[in-house]
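Notes to accompany the following structure.
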Number of protein chains: 2
Amino acid sequence: MKKITITDVAKHAGVSKSTVSQYLNERYDYMGGETKARIEAAIKELNYSPNFLARSLKQKKTNTIGVIVANILHVFSTQIIRAIQDYCSERNFHVIACNADDDPRKEKQFIEMLQAKQVDGIIVFPTGANKSLYQTLIMTNYPTVFIDRMVSGVGIDTVLLDNEKASKLAIQTFLMQGYQRIAMISPPLLPNITPRMERTTGYKQTITENGLSLRPEYIANVETTNVRDHLRKMLALREPPDAMLALNDLVLVEILHYMKENQLQIPKDLAIIGIDDVTFASVYNPALTTIAQPAFAMGKKAAELLLEKISNITKRREGIVYRFEPKIMRRDSV
Amino acid sequence: MKKITITDVAKHAGVSKSTVSQYLNERYDYMGGETKARIEAAIKELNYSPNFLARSLKQKKTNTIGVIVANILHVFSTQIIRAIQDYCSERNFHVIACNADDDPRKEKQFIEMLQAKQVDGIIVFPTGANKSLYQTLIMTNYPTVFIDRMVSGVGIDTVLLDNEKASKLAIQTFLMQGYQRIAMISPPLLPNITPRMERTTGYKQTITENGLSLRPEYIANVETTNVRDHLRKMLALREPPDAMLALNDLVLVEILHYMKENQLQIPKDLAIIGIDDVTFASVYNPALTTIAQPAFAMGKKAAELLLEKISNITKRREGIVYRFEPKIMRRDSV
DNA sequence: CTGTTAGCGCATTCAG
DNA sequence: CTGAATGCGCTAACAG
């Protein structure tokens, strides 16, 4: 079955290609009503649908955006993708999602690939390690918005959580409940992955602000696979922590595993708050107190910004940072 | 900053476009080593990258596939998407994921949209309600593979779980542990959504095969929002069930909610098995026994089939059904 | 070994 | 109101 083109339709309707083209683009200003009907009929009869590729090539617009997440394993990433997809879908944009796996090389490849595909813009969770590439994006005025992670010195609009506040909310909650020996476990601290840095800062700040002393032994930065080990060590201290902040969902799950394996009670043996509102938080036993990121709102905002950049050829000032407020979901783990 | 094209490169290198094109396609069979170097230099200097769109238009191949899931809310859908993406990514294919939201109209729109975009093929969780569209796909020999749901009378390759076996495994497990009053809760039974039908069949069959009588009051087909209500009714029966099969992840979560709200013990008050291996199954208290679908293998298989169809122009016989074995994850909820 | 010539399917002037 | 001509960026014969 041969693919039918605009030429076929034109022939079938007895008009010229350009007339059909005008019809397709709804510019029937001066088109004969009868002509219109004939074209309509021909299209239906031939079951014709225009080739977006050809159109895109000509119009230099693909109605597609790319999103590159740093690590798809986080709930947050998947929530963001969904939000973006929903928003774009309503506006007739398609999205191609890519997972950079926290690898700057992959990130670079994806960005280049997406550009080669002529996507109209990209939303990225930047690894932070491709500064010169980011510079090129901004120099060429390529519609881009960053999300989740802050890249300093590159003026690209960025949608972020107020990460310090996230930690602050958690610590304050612990304090209000009388916990004083508050620890935190984070994935490894890398300068480019700003959420962890900021959350750690928030933790430290809130601890000291409240007149508690900062104990280095209460802070762990470890790979997910080593979380349980470190937790064991912490709990074996002479003064073990009585409360624990899990810096993200993956860490939280590991902590829960450890608690379960060792038949420890939450919050009796250890109170827990996790940043990221995991799906099972409210059904868990006990229900988990979490700090939720407004992922849907953030994804929507990023998409909004991007589509706006895409349609407004006029370059507005860039580099604005949008901070979103975390929200504490009080449940029973503290 | 003007987009630079192959023409610019050719000019810059002092050769013709076609020579550059040949270089790009690695057909330097008889190309002068010096020419090659000049082109290479020009490309680097101009920071040129080819426009995939134009190439695709000419080659009638976009290196992109579409996947349409029926309902993105199920873990299974997201797992499948990931598996497909991973597989395709390695083979330089991109994937555009769409969520039909269980709406046949959306499904139709997406299929048409993706075809207009000239994607090389599609993988779909069929709603089942667009038979004539499916027929067209097969008639036009458009690379397509179905997954999760069976559509009868349409000869398209399909990747499925052995759903009857899934229920069977669950029921047998209950029986082995001495449970006799085994109920099940399913989302509404719709003829097109075959997994539910098959799982229900599996349930009924296994119950009767084991000499138990089928009690209609132990079978509920309800919207997610009504699961808790129905569960309440079941547990208020004179002979309430002592074991419960949750037909999918969404139902399972509702059941867990109810148990928690009413401070009921699992498995003491009600033993539970869920189909779909939710992420938190092993950390839950108690750890949840589930029937896992080999989502990764299934997604990979679907992608394999599709890419094979795409490369083999030769149409092989179609309509093969690939059944995958569910696996019981024995934990502590039964 | 390299350049010329045609399109791919569509949109856009610009004359009729 | 309509059609012929042109080009988007690239590939693919086919001659030189």
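Residue numbers begin at 1 in each chain, while the letters A, B, ... track the order of the sequences.
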Open item on the list: Could you tell me how far apart A:K11 (NZ) and D:dG3 (P) are, to the nearest whole angstrom?
Closed with: 14 Å
Open item on the list: Judged by each residue's nearest nucleotide on DNA chain D, which is more toward the 5′ side, B:K17 or A:S18?
Closed with: A:S18
Open item on the list: For the backbone of A:V69 and the side chain of A:S77, can you confirm whether one donor and one acceptor N or O come within less than 3.5 Å of each other?
Closed with: no
Open item on the list: Taking the minimum atom-to-atom distance to the side chain of B:L24, which one of D:dA12, D:dT11, C:dA11 wins?
Closed with: D:dT11
- [ ] Please determine, for the side chain of A:V15, which listed nucleotide (D:dG9, D:dG3, C:dC10) has the closest atom?
- [x] D:dG3
Task: Integer-rounded Å distance: D:dC8 P and B:D8 CG - done: 11 Å
Open item on the list: Can you list, in residue-number order, the parts of residues 48-56 of chain B that come under 4.0 Å of DNA chain D, counting heavy atoms only?
Closed with: B:Y48, B:P50, B:N51, B:A54, B:R55
Open item on the list: Tell me whether B:E40 is salt-bridged to B:K36, with the criterion being a basic N under 4.0 Å from an acidic carboxylate O.
Closed with: no
Task: Between C:dT12 (P) and A:K61 (NZ): distance, integer Å - done: 13 Å
TODO: Taking the side chain as every heavy atom from C-beta outward, state whether B:I84 and B:F93 have any pair of such atoms under 4.5 Å apart.
DONE: no
Open item on the list: Under 4.0 Å from OP1 or OP2 of D:dG3: is there any side-chain N or O of A:S16 that close?
Closed with: yes
Task: From D:dC8, C:dC8, C:dA11, nucleotide with atom closest to B:L57 side chain - done: C:dC8
Task: Atom-to-atom span, NZ of B:K36 to P of C:dT2 - whole angstrom - done: 11 Å
- [ ] Send over the distance from A:Q118 CD to D:dG9 C1', rounded to a whole Å.
- [x] 9 Å
Task: Distance below 4.0 Å between B:S21 side-chain N/O and D:dT11 OP1 or OP2 - done: yes
TODO: Answer yes if the side chains of A:S21 and A:S18 hold a donor-acceptor pair under 3.5 Å, and no otherwise.
DONE: no
TODO: Establish, with yes or no, whether the OP1 or OP2 oxygen of D:dC10 is under 4.0 angstrom from a side-chain nitrogen or oxygen of B:T7.
DONE: no
Open item on the list: What is the distance, to the nearest angstrom, from the CD1 atom on A:I43 to the P atom on C:dC10?
Closed with: 10 Å
Task: Side-chain N,O (A:K60) to OP1/OP2 (D:dG9) below 4.0 Å - done: yes
Open item on the list: Return the CG to SG distance between A:D120 and A:C88, rounded to the nearest 0.5 Å.
Closed with: 10.5 Å
Open item on the list: Of the options D:dA12, C:dG9, C:dT12, whose atoms approach the side-chain atoms of A:T5 most closely?
Closed with: C:dG9
Open item on the list: Under a 3.5 Å distance rule, please check whether B:S49 uses its side chain to pair with a backbone N or O of A:A116 as donor and acceptor.
Closed with: no
Task: Separation of D:dG3 P from A:I6 CD1 (nearest whole Å) - done: 13 Å
Task: Closest-nucleotide ordering on DNA chain C, the 5'-leading residue of B:G14 and B:K58 - done: B:G14
Open item on the list: With heavy-atom distances below 4.5 Å as the criterion, would you say the side chains of A:V67 and A:Q85 are in contact?
Closed with: no
